[in-house]
Amino acid sequence: MDEMELDERKTKILKAIIRNYLETGEPVGSRTISKYTDLNLSSATIRNEMADLEELGYIVQPHTSAGRIPSDQGYRFYVDHLMEEKNQEVDEMKKFVIEHTEKMEQVLQQVAKILANNTNYATMVTAPSYHRNKVKFIQLSNVDDEQILAVIVTEGNLVKNKIIPISEPLDNETMLKLNILLNSNLNGLALEEINLGTISRLKEQAGIHSDIINNVLDTLAETMGQDEDIRIYTSGTTNFFKYPELSASEKASELISTFEEKQQLASLVTESLLDEENTGIQVYIGNESPIQTMKDCSVVTATYELGKGVRGTIGIVGPKRMDYENVMDNLKTLKNSLDGILDRPKGKT
């Protein structure tokens, strides 16, 4: 039968039957579906729709029961639609991330929420920090007689603008010399490679304009420096209560406190970020977790890299019997959506 024969109502009822059957393993009756869907239909209407679905070959009635179970054709329809929905979710997330790179906090909160909804576990996502990021170029230009604009671009295509006050106007020749001086000495260097010798040489060559060099170096430190406090966005902590082995009041409250306080989470994600050799998926089971309160959990993390040296961590925490395949699929999807965003041309996915 052609899938086009299923209208929105039949599609919703079929999905509800299949989801309920996947959860319980029991044939599904119309009364169950009337409680399960948001259609607000009577049991009689649902019975009529189920009869149509059976006639179309999407569900079958076992001899021993008044309920229905999905046929192979029903499963195929569900899986195809599910994949379509998931692909759409991924595309929407990708689009959202690319359009909102400058609103990173909003993006990462959304990412944590989607991940918690998709997996039914607790999730954490760290804001990106800058590891061994290098200066791409520096551009000074006049704004007016009292200030100049410094534009610093790093290899991850992160841009920082800073207005620098000046005591007297700079002519074009002086501006050109300062630009050449800064770029010839700093391009290609990571923050930790800019040593005191480099700074002294720059100031000496800049002469009376050494205060401008100071300002540029301060801006560089702001742009490329590692944040001491890693920002972590979390979601889904109430999911702990879905699992009996984690929902005992003391365990659950300890886990939720760990997520709310975030210091211990920071130590976990820092470990992931510093392991530059391994940017794939890491799995910590039970006692392998570096966090004491998570000894009854499994923790799965992945490192994403928005651009060269601009990295963060995504983590999922659940019971040791977590659905590892689903968790890893979700992490891979997210990692692929986030990786390299800053290196892509605008408008390209």
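The model shown is predicted, which means the values in this text are computed figures rather than measured ones.
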Original post:
Mind checking whether Phe240 and Phe259 have parallel, tilted or perpendicular rings, split at 30° and 60°?
Top reply: perpendicular
Subject >> Residue that, paired with Ile232, satisfies side-chain contact (heavy atoms from CB on, under 4.5 Å) out of Thr313, Leu108, Thr126 >> reply: Thr126
Subject >> The single option from Ile13, Leu53, Thr11 passing side-chain contact (heavy atoms from CB on, under 4.5 Å) against Tyr58 >> reply: Leu53
Original post:
What about Tyr243 and Tyr121, are their ring centers closer than 6.0 Å?
Top reply: yes
Original post:
Would you find a donor on one side and an acceptor on the other, under 3.5 Å apart, between the side chain of Thr123 and the backbone of Ala112?
Top reply: yes
**OP:** Consider only side-chain N and O atoms of Thr174 and Asp171, and report whether a donor and an acceptor are under 3.5 Å apart.
**Re:** yes
Original post:
More than 12 non-hydrogen atoms from neighbouring residues, nucleotides or ligands closer than 6.0 Å to NZ on Lys113, yes or no?
Top reply: no
Subject >> Positive for side-chain contact (heavy atoms from CB on, under 4.5 Å) with Leu140, one of Ile212, Leu149, Leu176 >> reply: Ile212
Original post:
Glu325 versus Asp323: any side-chain heavy-atom pair under 4.5 Å?
Top reply: yes
**OP:** Kindly give the heavy-atom pair with the smallest separation between Gly74 and Ile18, and that separation in Å.
**Re:** O-CD1, 3.4 Å
Original post:
Do NZ/NE/NH1/NH2 and the carboxylate oxygens of Lys335 and Glu305 come within less than 4.0 Å?
Top reply: no
Original post:
Between Ile291 and Val299, is any pair of side-chain heavy atoms under 4.5 Å apart?
Top reply: no
Subject >> Smallest separation among heavy atoms of Gly67 and Pro62, with atom names >> reply: O-CD, 3.4 Å
